[in-house]
Amino acid sequence: MTTASFPSRRVLIAGGAGFLGSHLTDRLVARGYQVVIADNLSTGRLENIAHHLVAGRVTFIHHDVTDPLTLEVDDIYNLACPASPPHYQADPLQTALTSSLGAMHLLALAKKTGARLFHASTSEIYGDPEVHPQPESYWGNVNPIGPRSCYDEGKRFAETLLMDARRQHGVDVRMVRIFNTYGPRMRPDDGRVITNFITQAMAGDDLTIYGKGEQTRSFCYVDDLIDGFLRLMDLEQGPDTPVNLGNPGEFTVRELAERVIGMVKSGSRIVEHPLPKDDPRRRCPDITLARTLLGWEPKIALAEGLLRTLQALQKTETVVPAFEPERRVA
Ligand code: NAD
Ligand code: UDP
């Protein structure tokens, strides 16, 4: 956590009770910022931010971003959207609306207040990429009508909307394309590969690789990612392009499974399950822009990040304080 002193800012974090949002909250509270979290708690959990709620350092609003929101703020972070494929595919219409209409409502708030608008986009906008690694200039290869489209196309539309708002109305928009990020506070039932493998290995169950496990991903530890968020928001002026943030180390899913079994010292076996439709075959960020623009580089190696995630998942006791969030009717 940073100890430097920052002039106070009023910050709204949409999706702040989720995995990434709660880590961002920690960092902004440590700067002395006034943080308001708006979240519908669909995948987020109050226990992720309980330490701030108890200390009275964060205000929580139970709110769905598909409804408009009015608030006086200096900065807006839009992280509201389920990120795990099984979660975002469970209610695809809601996902499509959250990522599109939600972005539109937060844009309206940014226009009204003059706030900086940070938007969490995704490597999924590259779809099943035909260019490797993926630079920001690559337009992607996305199925517009498949099971992942509610997320991919919703996020692509949000990028279009925000870039147009920047050009047409001069809104101060800053966007990151996040590549697979993991760490403490991911839900054990999150459904993404790292939490699935660790929880399976902890239980001595089979590790479920989808397909042959030859597909690749690049895994970024959460602290590194949030550092990139802050560097982008601290720039005097945002760039006129989204910025890739991710760890360029690339692993097959089978390699990941073997590493997790080795780390947990589990007797688990690896079993193959059917590959989900449209599952991207390779994914790895080109982070040249983040390096030059932000001086940003991931620091936490996969082995260290996996260990920290394992230790967090092993802590079974979670304390949720008696806390009744303010309910806002839109
Ligand atoms: P998460 O599911 O833990 O967090 C999402 C948060 O948004 C949750 O607190 C959830 O309750 C809230 N939310 C969902 N729909 C909402 C709605 N309609 N209104 C209000 N709140 C809503 O996921 P995460 O991994 O923390 O992802 C955060 C953001 O980062 C998302 O926008 C996601 O698309 C993006 N992202 C994450 C990753 C990653 O690897 N973690 C990768 C790419 C993009
Ligand atoms: N995956 C897997 N076993 C699991 C969960 C996921 O083999 O239990 C694979 C999935 O098919 C994909 C990769 O791991 O190829 C990453 O999946 P995840 O859901 O974490 O994120 P994605 O990058 O697909 O959004």
Side-chain angles (χ1 to χ4, degrees), residues 13-25 37-46 48-49 61-67 69 77-89 91 94-99 101-103 105-106 118-125 128 148 151-152 154-155 158 176-183 185-187 190-200 206-222 225-226 229 244-246 251-254 256-257 260 270-283 330:
I13 308 180
F19 162 50
L20 298 181
S22 64
H23 285 274
L24 175 65
T25 301
I37 289 175
D39 199 301
N40 71 355
L41 297 179
S42 53
T43 53
R45 298 178 296 180
L46 281 180
N48 288 341
I49 50 168
I61 304 171
H62 193 274
H63 176 82
D64 194 302
V65 293
T66 59
D67 293 319
L69 180 66
Y77 288 84
N78 179 19
L79 275 67
C81 190
S84 164
H87 288 288
Y88 72 64
Q89 288 171 22
D91 188 347
Q94 167 71 7
T95 300
L97 288 175
T98 292
S99 47
L101 189 58
H105 286 144
L106 294 168
F118 174 99
H119 177 71
S121 189
T122 169
S123 55
E124 284 281 324
I125 70 108
D128 187 9
R148 300 177 85 97
Y151 185 75
D152 300 10
K155 291 283 189 178
V176 291
R177 291 181 179 154
I178 304 167
F179 286 66
N180 299 58
T181 299
Y182 69 101
R185 297 196 194 137
M186 289 182 88
R187 298 162 55 129
D190 176 86
R192 280 175 278 186
V193 69
I194 287 191
T195 40
N196 272 11
F197 285 176
I198 294 180
T199 51
Q200 287 163 342
D206 294 340
L207 268 64
T208 52
I209 63 169
Y210 301 161
K212 299 268 172 227
E214 287 163 358
Q215 67 273 41
T216 68
R217 293 293 186 273
S218 304
F219 301 104
C220 185
Y221 188 68
V222 60
L225 184 82
I226 305 297
F229 287 11
N244 284 343
L245 289 181
F251 299 88
T252 66
V253 164
R254 186 174 286 277
L256 177 72
V260 169
I270 292 174
V271 295
E272 292 178 12
H273 280 218
L275 188 66
K277 184 168 164 34
D278 296 339
D279 199 281
R281 285 161 295 175
R282 292 186 75 184
R283 183 184 291 156

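Every heavy atom of this structure was used, including side-chain atoms; hydrogens, water molecules and symmetry mates were not. Atoms within a ligand are numbered from 1 in the order they appear, just like the ligands themselves.
Between the side chains of S22 and R185, at least one donor-acceptor pair of N or O atoms lies under 3.5 Å. Side-chain contact, Q200 with T208: a donor N or O sits under 3.5 Å from an acceptor N or O.
Note on D128 versus R281: salt bridge recorded, some NZ/NE/NH1/NH2 to OD/OE distance being below 4.0 Å.
Listed by chain and number, residues touching ligand 2 at under 4.0 Å (heavy atoms only) are P85, E124, R148, N180, R192, V193, N196, F197, T208, I209, Y210, Q215, R217, V253, P276, D279, R283. Residues lining ligand 1 at a heavy-atom distance below 4.0 Å are given as G15, A17, G18, F19, L20, D39, N40, L41, S42, T43, G44, H63, D64, V65, L79, A80, C81, P82, A83, Q94, T98, A120, S121, T122, Y151, K155, I178, N180, T181, R192, ordered by chain and residue number.
Smallest separation of non-hydrogen atoms from G213 and T252: O-CB, 3.4 Å. The two residues A257 and I270 make their nearest non-hydrogen contact at CB-CD1, 3.7 Å.
Screening N78, L79, L106 for a side chain to side chain contact (heavy atoms under 4.5 Å, CB included) involving F118 leaves a single residue, L79. Residue T181 forms a side chain to side chain contact (heavy atoms under 4.5 Å, CB included) with just one option from I194, L20, I226, and that option is L20.
Here the side chain of K155 pairs no donor or acceptor atom with the backbone of R177 at under 3.5 angstrom. Remark: the backbone N or O of R254 is not paired with any side-chain donor or acceptor of E214 at under 3.5 angstrom.
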